[in-house]
Amino acid sequence: MVLLQTILVIILVYYALKLLAKWLAPRVINYAMRKTQERFGQQFGNYQDFGGKSNSNDKTTTTKKPFKKSNPSKKVGEYIDFEEID
């Protein structure tokens, strides 16, 4: 009789843990995702919001190297004309 009680307790504990895990797993995963999202937001200076909210104060700045216009009147060197000698 003790063996039957032990098997019944093991089965009940197994199903209780299974139901508890089914109920708790999504909450734990959501909590972990939220914490990870906050950590990424802090590391990247809240540059991009992963929660779907858009921040209208975000500005993108780029530094572009100014285009150097070539100056045709600039003296580049001496012109030498070579001739073939027979």
Side-chain angles (χ1 to χ4, degrees):
M1 190 70 184
V2 174
L3 180 67
L4 190 61
Q5 278 183 336
T6 305
I7 292 174
L8 187 63
V9 167
I10 289 172
I11 290 172
L12 286 176
V13 168
Y14 171 75
Y15 281 109
L17 287 176
K18 192 174 175 180
L19 284 174
L20 193 64
K22 191 175 183 179
W23 182 72
L24 278 179
R27 286 168 176 75
V28 171
I29 290 172
N30 281 338
Y31 177 76
M33 287 178 58
R34 197 172 342 120
K35 285 294 184 182
T36 304
Q37 186 178 18
E38 288 173 7
R39 225 176 274 150
F40 274 116
Q42 289 173 355
Q43 282 183 348
F44 295 111
N46 292 329
Y47 177 71
Q48 189 177 25
D49 191 15
F50 295 105
K53 298 175 187 174
S54 64
N55 191 357
S56 63
N57 293 334
D58 288 344
K59 291 182 180 178
T60 303
T61 57
T62 59
T63 56
K64 191 173 184 179
K65 193 173 183 180
F67 179 71
K68 274 191 169 180
K69 197 172 187 179
S70 65
N71 191 359
S73 65
K74 184 178 177 185
K75 192 173 184 178
V76 291
E78 196 173 303
Y79 179 74
I80 300 172
D81 190 18
F82 292 99
E83 289 184 20
E84 236 179 81
I85 301 172
D86 292 323

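What you see is a predicted model; the values in this text were computed from it and never measured.
Following chains of ILVMFWY side-chain contacts shorter than 4.5 Å, one cannot reach Leu20 starting from Ile29, and the two form parts of different hydrophobic clusters. When hydrophobic clusters are built by joining Ile, Leu, Val, Met, Phe, Trp and Tyr residues whose side-chain heavy atoms come closer than 4.5 Å, directly or via intermediates, Tyr14 is grouped together with Leu3. Leu17 and Val9 end up in the same hydrophobic cluster when Ile, Leu, Val, Met, Phe, Trp and Tyr side chains are linked at under 4.5 Å.
Considering all non-hydrogen atoms of both residues, Ala21 and Pro26 come closest at O-CD, 4.5 Å.
Atom CG of Leu19 is separated from atom CG of Leu24 by 11.0 Å, given to the nearest 0.5 angstrom. How far CE of Met1 is from OG1 of Thr6: 10.5 Å, rounded to the nearest 0.5 Å. Atom-to-atom distance recorded for Tyr31:OH and Thr36:OG1 is 10.0 Å, nearest 0.5 angstrom. The distance from the CG atom of Leu8 to the CG atom of Leu12 is 4.5 Å, given to the nearest 0.5 Å.
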